[in-house]
Chemist: 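One structure is given below, represented as C-alpha cells, and several questions about it will come after.
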Amino acid sequence: MKYYSIADPSHVVSFEQAVMNGQAPGRALYFPEAIPALDATWWSGFYEKDAVEIAYDVMQPFVGEAIPEKLLREIVQATIDFPILLKQLSDELFVLELFHGPTLAFKDVGARFMSRCLSHFRRNSDKPITVLVATSGDTGGAVAHGFSGVPGVEVVIFYPNGKVSPFQEQQLLTTASNVRAYAVAGTFDDCQQMVKAAFTDQQLQQERMMTSANSINIARWLPQQLYYFLGMQQWRYQDAPVISVPSGNFGNIAAGILAQQRGLPVQHFIAACNSNDTIPRFLQRGVYQVKPTVPTISNAMDVSDPSNFIRIQTLLAGKTDALSQLLSATAFSDDITRETIMQVYAQYQYLADPHTAVGIAAAKQYQQAKQNAKAIVLATAHPIKFSTVLNALPGIDINDPVEAASLNRTIIPAGEEGWKQVLYR
Ligand SMILES: *Cc1c(COP(=O)(O)O)cnc(C)c1O
C-alpha cells in the first residue's frame, strides 16, 4: 500500500516512509491510496475468528510487504493484548470500554502498534532512534508504555511540571530504561517549543534519527480500526448500531468511518464534542470557523482545529450526501457533562469518566430523535484517571491510589537550556 499527501496527491510514499516521516511536507496528512475491502467470505466467518486473526487481516493490507507476516502477527498480538469490552447499560444503550490497556485510555492501541513498527524500520541503522514527545497527559503515558522495552528506540518526554494529574505522572515515570520523562518548569506550550527546537538542531540531527509520536502518524491512526471490529464482534443484534465517539482530534472516529467503509455494519456515527465545537458548528451551518481552544473537564478533547477531520472528508469524498447521512456532531458543556455523569451513575450504577459522559450525552440526545436506535458509546478513559473531577460531584467517591508527593520526578528548565541538558551527550 502506498500513501499520498492529502495536500498534494502527487507526493506518494511507502508505508515505512509515511510512518518514519509522521507527517507529509507542510504538516499535511498521509492517506492510503486505496480502501482495502474485506470480501464476503471473510465476513461470513467474522464471528468465529479470534481477535489476533481479525487484527492481522484488518491491518495487513495497509502494511503490505513492509513488515513480514510473522512479525506483523506478533505486532498486532502485542497491540491488542488487553480486553476490549462491550457492556450493556440498558435495552438500547451500550458502552465499549477501550480503557483496559496499560495506561487506562484508548491511546494504548496506537502507541503500541507504532512503537513496534518503528523498532522494525530502524533495524538496519546504526544511529539510535529517538522519539520526542511533548504531552499534557494521556498521549505521553500511552507513548511511554507503548515504547517501553522496545529495542533500538529511545523515548524522551517533556511534560509541564505540576500540570498533569498524579496518576498520569506516575504513568510517565514508571517505565523501562529506554523511556525518560522530564517535568519542565513551564507550560505545555514550552514543552512543544522544546521539541520543535530540538528537531531542527544540527548537532542532534547528525547524532541520531529523531521522530515524533504525533497522533496523525498513520501507525497510530490505522490500528484504531481494531476497536470497532473487535467491538462489533460482540454485537448480537440484527440491526447495525449507532456509534457515539467522544472526539477531540477526530482520529478515533475517522478510524471508525474507515472500518465502516470496509464493510463493518454501522448505521450512523455521532461525534461527541465538548465546548470546542468547530465540527458541530461546521456540520450544522457549513462554515468552518476555528475559535480559541477552551479548557474543559474532558481535556483530551480540547482541540479546536481537529487534524483528522480532513481524513473523514477524504474518505467520503464523491459520495453524495454520505457525510450528512453517516455523521452528525454535537457539543456539550461541562455542566451537562457533570449532570450526565451523575445521572448515568444513579440510573445504571455505571461510573463514566468525563470524556465517556460526553459520548453518552450525545447518544441519548440522538435516541430522543430516533427512537429504538441502539447505540454504542466508546468509553475512552477509565474514571480513575479523572478522580479529581468525579470526586467533586455529590455522591461519588473514588480512590486515587497515587500521591503527587511520592513521585520521583526530574525537573528541568524550559527552553534551550532544558532540552540540551537532556539530549546532548
Ligand atoms: C485522545 C482522547 C480522546 C479524543 O480522541 P481523538 O481521536 O483525538 O478524537 C477522547 N477521550 C480520551 C480519554 C482521549 O485520551
Side-chain angles (χ1 to χ4, degrees), residues 29 84 95-114 133-146 159 164-165 167-168 171-172 188 213-228 243-259 269-280 293 296-312 327 329-332 337 340-341 351-362 377-387 389-390:
L29 275 72
I84 291 158
V95 285
L96 182 62
E97 294 183 343
L98 311 182
F99 55 67
H100 297 288
T103 74
L104 308 187
F106 82 87
K107 294 195 170 64
D108 283 322
V109 151
R112 291 166 83 76
F113 186 82
M114 179 180 168
V133 191
T135 184
S136 56
D138 280 348
T139 298
V143 169
H145 275 262
Y159 64 94
V164 306
S165 75
F167 196 88
Q168 287 173 324
Q171 291 181 336
L172 292 169
F188 173 57
N214 195 297
S215 70
I216 63 178
N217 194 304
I218 53 160
R220 277 189 60 188
W221 179 53
L222 293 169
Q224 296 176 82
Q225 291 174 86
L226 298 176
Y227 288 137
Y228 298 84
I243 301 187
S244 171
V245 187
S247 294
N249 214 15
F250 278 63
N252 200 4
I253 192 168
I257 294 176
L258 173 58
F269 286 90
I270 308 167
C273 301
N274 60 28
S275 301
N276 296 287
D277 61 351
T278 306
I279 302 302
T293 308
T296 72
I297 56 170
S298 48
N299 60 9
M301 309 189 326
D302 293 350
V303 181
S304 52
D305 190 6
S307 314
N308 284 292
F309 188 67
I310 195 165
R311 284 186 164 140
I312 297 178
L327 176 70
T330 33
F332 297 91
T337 307
T340 306
I341 294 171
L351 195 53
D353 95 285
H355 305 79
T356 305
V358 172
I360 295 177
V377 177
L378 300 195
T380 50
H382 194 291
I384 204 165
K385 284 196 107 165
F386 298 91
S387 58
V389 175
L390 297 182

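Sequential numbering from 1 along the given sequence is applied to the chain's residues. Counting starts at 1 for both ligands and their atoms, in listed order. The figures here come from the full heavy-atom set of this structure, side chains too, leaving out hydrogens, waters and symmetry mates.
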Chemist: Determine yes or no for a side-chain-to-main-chain donor-acceptor pair under 3.5 angstrom, with Asp353 supplying the side chain and Thr356 the backbone.
Modeler: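 Here the side-chain-to-backbone pair exists.
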Chemist: Could you work out, for atom 2 (C) of ligand 1, the closest of Lys107, His355, Met301 by heavy-atom distance?
Modeler: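 Selected option, by shortest heavy-atom distance: Lys107.
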Chemist: Does Ser387 have any side chain to side chain contact (heavy atoms under 4.5 Å, CB included) partners at least two apart in sequence or in another chain, and if so, which?
Modeler: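 Partners of Ser387 by the side chain to side chain contact (heavy atoms under 4.5 Å, CB included) criterion, ordered by chain and then number, come out as Asn391, Ile398, Asp400.
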Chemist: Using a 4.0 Å cutoff against the non-hydrogen atoms of Phe250, which atoms of ligand 1 qualify?
Modeler: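 Ligand 1 atoms under the 4.0 Å threshold to Phe250: 6 (P), 8 (O), 9 (O).
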Chemist: Among protein heavy atoms, which lies nearest atom 8 (O) of ligand 1, and at what distance?
Modeler: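 I find the closest protein heavy atom is Asn249 N, 2.8 Å.
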Chemist: Checking side-chain polar atoms at under 3.5 Å, does Arg311 have a donor or acceptor matched by the opposite partner on Asn308?
Modeler: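 Looking only at side-chain atoms, Asn308 and Arg311 do form a donor-acceptor pair, the distance falling under 3.5 Å.
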Chemist: Numbering the atoms of ligand 1 from 1, which are under 4.0 Å from a heavy atom of Asn252?
Modeler: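 This gives 7 (O) as the contact atoms.
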Chemist: Hey, does the side chain of Asn276 reach the backbone of Thr293 with a donor-acceptor pair shorter than 3.5 angstrom?
Modeler: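 Pair absent, no side-chain N/O of Asn276 close to backbone of Thr293.
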Chemist: Among Trp221, Phe106, Phe386, which one puts a heavy atom closest to atom 5 (O) of ligand 1?
Modeler: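 The option holding the nearest heavy atom is Phe106.
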Chemist: Between the side chain of Thr278 and the main-chain N/O of Ser304, is any donor-acceptor distance below 3.5 Å?
Modeler: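 Yes; judged by distance alone, with no hydrogens or angles, the pair exists.
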Chemist: Looking at atom 4 (C) of ligand 1, what's its closest protein heavy atom, distance included?
Modeler: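 Its nearest protein heavy-atom neighbour is Gly248 N, 3.6 Å.
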Chemist: List every atom of ligand 1 that sits less than 4.0 Å from any heavy atom of Gly251, numbering the atoms from 1 in the order shown and giving each element.
Modeler: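 Under 4.0 Å from Gly251, ligand 1 has these atoms: 6 (P), 7 (O), 9 (O).
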Chemist: Please determine if Ala381 has a nitrogen or oxygen closer than 3.5 Å to a nitrogen or oxygen of ligand 1.
Modeler: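 No, there is no polar N/O contact under 3.5 Å.
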Chemist: With a 4.5 Å cut-off on side-chain heavy atoms, are Phe106 and Ile84 touching?
Modeler: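 Side-chain contact under 4.5 Å: no.
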Chemist: Among all protein heavy atoms, pick out the one at the shortest distance from atom 12 (C) of ligand 1; state its residue, atom name and that distance to 0.1 Å.
Modeler: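 The protein heavy atom lying closest is Thr380 OG1, 3.5 Å.
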Chemist: With side chains defined as the heavy atoms from C-beta onward, is the minimum distance between Leu98 and Asn252 less than 4.5 Å?
Modeler: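 With C-beta onward as the side chain, the pair touches.
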Chemist: Could you list which atoms of ligand 1 come closer than 4.0 Å to a heavy atom of Pro246?
Modeler: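 Selected atoms, number and element: 4 (C), 10 (C).
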